[in-house]
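These notes concern the structure reproduced below.
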Amino acid sequence: MANICVIGTGYVGLSCGACLNSIGHNVVCVDIDPAKVDLLNAGRIPIMEVGLEEIVQRGIVNESLSFTTNLKQGLESADFVFLCLATPQSENGSADLSILMSAVESISSLVKSGSVVITKSTVPIGTFSEIERVLNRSDVSVASNPEFVREGSAVLDFMQPDRIVIGSRNESTSRRVASIYSELDAPLLMTDPASAETIKHASNSFLAIKLSYINAIAIICEMYGADALDVAAGIGLDHRIGSEFLRPGPGWGGSCFPKDTSALLFMANQKGYEFAILREAIAVNQVVQDRIIEKICNLAGGSIDGKKIAVWGLTFKANTDDLRDSPAVKIVSRLLALGARVNCFDPAKFEIPAQIIQANISRSALESCQDAELLVVLTEWLEFGLVQPAQVVEIMSSLNVFDCRNILDRDKWMDAGFSYQGLGR
Ligand code: NAD
């Protein structure tokens, strides 16, 4: 059992802190947000994450997990310190390290001698040395341990990871960090710090390229009358390719892919390499959204000015409440700018972002369809597939549905009288 301090209790820090606690460690999580810390100490979590609240409550009850705003208290007995701070995109596309580095500066005089400071935040290649420099503690080791959990399945992903990646300057530090995960059954990759930092960027960019690839194939399918779902199934059955991340959709988003692809592009550029595949994947992501807007206008008879449109889904994917860089939010914002009256429904709870503040937020999927001329599905929440088209028929003013996630039962909706449009089919 190790004493661990996790700094930053957002999506990653909270999931990792609670899961590290549940595999037997004493964990103190530090955050600068007192309201969040109070909420967490009361056993409630500020994000939507399956199974996480129960783990947090268990840890609090057996007094092996706590939350504080007091950095000194958090670091007092920590042998391992995880940095889980945001690394947002800055104006020029690079990652903004100011939050992370200011946290490193704050812990510099407080970390215990002999401890290991571990970066879980996604950071540019080479940040490791900068952390060592700012920390300025020869008696403290530094390691990179990028995080791959997905929002919405963070607990499961933590407990059953595809791999654990640890980068450090010497094997003994990596082995110490690896010992934290000894309860988990997962391939362990120990490498140098730059490679560990690169693995995270290379993974996210590869997945973004894969998604853009299937979205581009979906465009080809539409042009030639093929069905992108069958095509994706046919591609995915090749084990060298795999079936995941092959679903056409309204573009990728969220708190990681947009900023991480842009950061890698920036890093490549810094060294004089034009990473054209990645640049194109980012460009395709924009094209996909432009085409969706164009199709919505066409489905509404050429213009959406003054038209009522129902939208199902605002989060960047299902099973999360995260709206950061959500393609759905971007699309709704463009619909509003074109004069549409938009009724949105999403099962998650969140604060409505400023760019879609004029949208009407409905209390149910059905309610959002009242008097709408077009229904657009933007997030793949399972419950949308359970709505009976026969009920929707009663309340929409025109029977048009544009299923940008291909999750509705096309035949059922068409049988109910809808003009159904999927993506890539
Ligand atoms: P987040 O914005 O949700 O959380 C950051 C937390 O840090 C917030 O709670 C904030 O209050 C706190 N904080 C800010 N300054 C602090 C300080 N000085 N001391 C203590 N706490 C402080 O961010 P996130 O989504 O959890 O992402 C964190 C990092 O993990 C990023 O680098 C991200 O790219 C990476 N990552 C995220 C995911 C994901 O699914 N969100 C997955 C893998 C990796």
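Every number for a ligand or one of its atoms is a count from 1 in the order of the listing. Bear in mind the structure is a predicted one, so any value in this text is a computation, not a measurement.
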Passing option when Lys36 is tested against Asp38, Ile32, Leu40, Leu39 for side chain to side chain contact (heavy atoms under 4.5 Å, CB included): Leu40
Once ring-ring contact (aromatic ring centres under 6.0 Å, His included) is applied, what residue pairs with a partner in residues 165-220 remain, sequence neighbours excluded? none
Gln421: side chain to side chain donor-acceptor pair (under 3.5 Å) partners, not counting sequence neighbours: none
Please table the atom pairs, donor to acceptor, closer than 3.5 Å between any side-chain atom in residues 99-107 and protein atoms at least two apart or in another chain.
residue	atom	partner	partner atom	Å
Ser106	OG	Ser102	O	2.7

Mind checking whether Arg169 and Phe128 have side chains closer than 4.5 Å, heavy atoms only? yes
Heavy-atom contacts with ligand 1 below 4.0 Å: which residues, ordered by chain and residue number? Ile7, Gly8, Thr9, Gly10, Tyr11, Val12, Val30, Asp31, Ile32, Lys36, Cys84, Leu85, Ala86, Thr87, Ile99, Ser121, Thr122, Glu147, Val149, Glu151, Lys200, Ser255, Cys256, Lys259, Arg324
Could you check Leu184 against Phe158 for side chain to side chain contact (heavy atoms under 4.5 Å, CB included), going step by step and ending with a plain yes or no? CA-CA 9 Å; Leu184 304 180; Phe158 184 95; 4.1 Å; yes
